[in-house]
Amino acid sequence: MKSLAHVLAVPYPAQGHVIPMMEFAKKLVHRGCKVTFANTDFIHRRITNAMSSKEDDNCGNGLKLVSIPDGLEHGDDRLNLEKLTGSMQRVMPRKLEELIRKAKNDENRRFTCVVAEGGTGWALEVAKRMEIKTVSFCPVSASTAAVACSIPKLIEDGIIDGSDGTILKKQSFNIAPTMPVISTSAFAWACFDDMMTRKSLFKLTAKSNEFVEKFADYKICNSANELEPDAFSLLPELLPVGPLLASSKLGNQGGNFWAKDSDCLSWLDQQPARSVIYVAFGSFTAFNKKQFQELALGLELTNKPFLWVARPGITLKATAEGDYPQGYKERIGSRGKIVSWAPQEKVLRHPSVACFVSHCGWNSTIEGVSNGVPFLCWPYFADQYLNESYICDVWKIGLRFEKDKGGIIRQGEFKKKVDQLLGDEHFKATAMDLKEKIVNSVQSGCSYKNLSNVIDWIRD
Ligand code: UDP
């Protein structure tokens, strides 16, 4: 009898990469594959620590978590992307090869397919060398992937320097006439002040494309054709299979780096329908004290209930505790619920949520879209600006904030946009229409068919 397909999943060690790949892993398990999920040791520890919360983070039978070293020392700064990326590329391919080799002669453990992404594209190369099938899983939008694929053309046009990614001509451009305009300053690598980080991120992006082009048998993307038809027509080999979470009944995301505070769900149960402002900025965004306080005061000024994720590290200190305005928490009382990390998928499905104040990371974007929640966009860096353009200008399900001359979003602006968004039923109606299209796509349409085909091929 033929043994089960055994997939080795290798995500980049960042929250917005681990969660969606874990979701893909669960789909594979659901369809009868075995999955070994290989995080770096550091991320593995974070996830298993966070899993001890009340929230059921059980990955289920068939999904095993393992880890490999990223090559850095225990206390090294893993937010130093230049160091992390370099070390991963030096150390991890060899470690991955050992993992694959150890299982090779055991019929029940042998890996039959490797799933990786651009940032861990070296895993695709290792797999090909060892004659294993490969799937590249794109955790960002197809439009962002298309921008990355246009790097050679941008170098040829003299817009960026091919040796280190320096922007030679600051300008805005669009890669297809119907796609939103983006600015060169929003390239992921261009957002870093430090030259070494910029250079290494640029090289990683360029190298990622090369790995995927050369070594991926299948290329899939956690997006839907209904969301970005033009980007998918630019990249015909990239198959939309998402949003993966939109077809999950429970909204029980795995792979969180922080323990989820599930008490906020019972707090949400006590709020009126469509009354709550949900505020979350993903795993990376950090605010200076001034901006953090303006946001706090803006929420106070709205006079509406709010659920705010103030993650450790959201301000420049380890916890934001000392950064709230004087007497803030007493004044807010039970009208505002502040948590360190929320079960976001469940929050966005909750009927009490009226809108999502978001940094527009791709996962947050598609989670909001899949639940018909209108947005207030507060992008921080990289692809978040392009996602904001989709939300506000293409799908028309949200509004952007304006900054003052000092680059701050003021409390008055915050309240104005909340009132404007919630005062116009059109945003909610459009968001619900888009949700319906997305749900159809993952339940029986294009995304569903692509996902089924890829899994059939993996199982074959
Ligand atoms: N998330 C969560 N709880 C929170 C905040 C975020 O579970 O309190 C999840 C969110 O659902 C998403 C991921 O963390 O799946 C963040 O990914 P995204 O691409 O939006 O942002 P990034 O962290 O990469 O900037």
Side-chain angles (χ1 to χ4, degrees), residues 11-26 43 46-47 50-51 53 55-57 78-79 81 117-119 137-141 143-145 186 188 191 201 221-223 242-246 248 250-265 267-268 276-287 306-314 320 337-350 353 356-371 373 375 377-388 390-391 398:
Y12 188 79
Q15 183 69 98
H17 296 236
V18 172
I19 288 180
M21 198 180 283
M22 180 76 85
E23 209 49 42
F24 181 54
K26 287 192 203 162
I43 296 300
R46 284 190 74 171
I47 293 176
M51 272 163 76
S53 73
E55 179 73 14
D56 176 19
D57 235 334
R78 279 159 174 90
L79 291 178
L81 296 182
E117 51 167 296
F137 175 84
C138 174
V140 292
S141 72
S143 313
T144 297
C191 300
L201 259 189
C221 181
N222 194 17
S223 178
L244 291 171
L245 272 160
S248 123
L250 296 171
N252 218 0
Q253 302 182 134
N256 288 264
F257 292 4
W258 293 272
K260 296 180 217 171
D261 181 334
S262 296
D263 288 351
C264 62
L265 296 173
W267 178 86
L268 277 175
V276 174
I277 306 170
Y278 174 57
V279 188
F281 300 96
S283 58
F284 243 19
T285 314
F287 291 94
F306 63 85
L307 171 60
W308 180 10
V309 181
R311 199 198 68 236
I314 188 86
K337 177 91 179 151
I338 302 178
V339 297
S340 298
W341 195 248
Q344 179 159 302
E345 243 298 291
K346 287 187 174 159
V347 168
L348 288 168
R349 286 171 187 221
H350 199 286
V353 169
F356 184 9
V357 178
S358 170
H359 72 310
C360 308
W362 182 243
N363 294 290
S364 296
T365 301
I366 51 178
E367 288 158 18
V369 165
S370 306
N371 289 294
V373 180
F375 284 82
C377 300
W378 192 315
Y380 175 63
F381 90 138
D383 64 327
Q384 296 158 11
Y385 290 94
L386 184 56
N387 302 338
E388 174 190 57
Y390 269 93
I391 291 169

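The shown structure was predicted, so the numbers you read here are calculated from the model rather than taken from an experiment. Order of appearance sets the numbers: ligands from 1, and atoms from 1 within every ligand. In what follows, residues are counted from 1 in the order of the sequence shown.
Residue S283 has at least one N or O atom closer than 3.5 Å to an N or O atom of ligand 1.
When the heavy atoms of C264, S340, A342 are ranked by distance to atom 8 (O) of ligand 1, first place goes to A342. When the options Q344, E367, H17 are ranked by their closest heavy atom to atom 15 (O) of ligand 1, first place goes to E367.
C377 approaches I391 most closely through the heavy-atom pair SG-CG2, 3.7 Å. For the pair S141 and C221, the tightest heavy-atom approach, listed with the atom from each and the gap, is C-SG, 4.1 Å. Pairing each heavy atom of S143 with each of L386, the nearest pair is CB-CD2, 3.7 Å. Residue L348 comes nearest to G368 through the heavy atom pair CD1-N, 3.8 Å, listed as atom of the first residue, atom of the second, then distance. Contact detail for G119 and Y12: the closest heavy-atom pair is O-CD1, 3.7 Å.
Closest to atom 19 (O) of ligand 1, if we only count protein heavy atoms, is N363 ND2, 2.9 Å. Taking atom 20 (O) of ligand 1 as the reference point, the nearest protein heavy-atom neighbour is S364 OG, 2.6 Å. Scanning the protein heavy atoms around atom 24 (O) of ligand 1, the nearest turns out to be G16 CA, 3.5 Å.
Near W362, meaning under 4.0 Å from one of its heavy atoms, ligand 1 places the atoms 19 (O). Residue G282 has at least one heavy-atom neighbour below 4.0 Å for each of these atoms of ligand 1: 23 (O). For ligand 1, the atoms lying closer than 4.0 Å to a non-hydrogen atom of V309 are 8 (O).
A donor atom on one side chain and an acceptor atom on the other are not found under 3.5 Å apart for Y390 and T365. For the residue pair W341 and N256, a side-chain donor N or O sits within less than 3.5 Å of a side-chain acceptor on the partner.
Heavy atoms of I19 found under 4.0 angstrom from ligand 1 belong exclusively to the side chain. Contacts with ligand 1 closer than 4.0 Å are made by heavy atoms of both the backbone and the side chain of W341. The side chain of H359, and not its backbone, has at least one atom closer than 4.0 Å to an atom of ligand 1 (non-hydrogen atoms only; side chain from C-beta on). Using a 4.0 Å cut-off between heavy atoms, N256 contacts ligand 1 through its side chain alone, with no backbone atom that close.
No side-chain heavy atom of S370 sits under 4.5 Å from any side-chain heavy atom of L245.
By the 6.0 Å contact criterion, CZ on F257 is enclosed, its count of non-hydrogen atoms from other residues, nucleotides or ligands being greater than 12.
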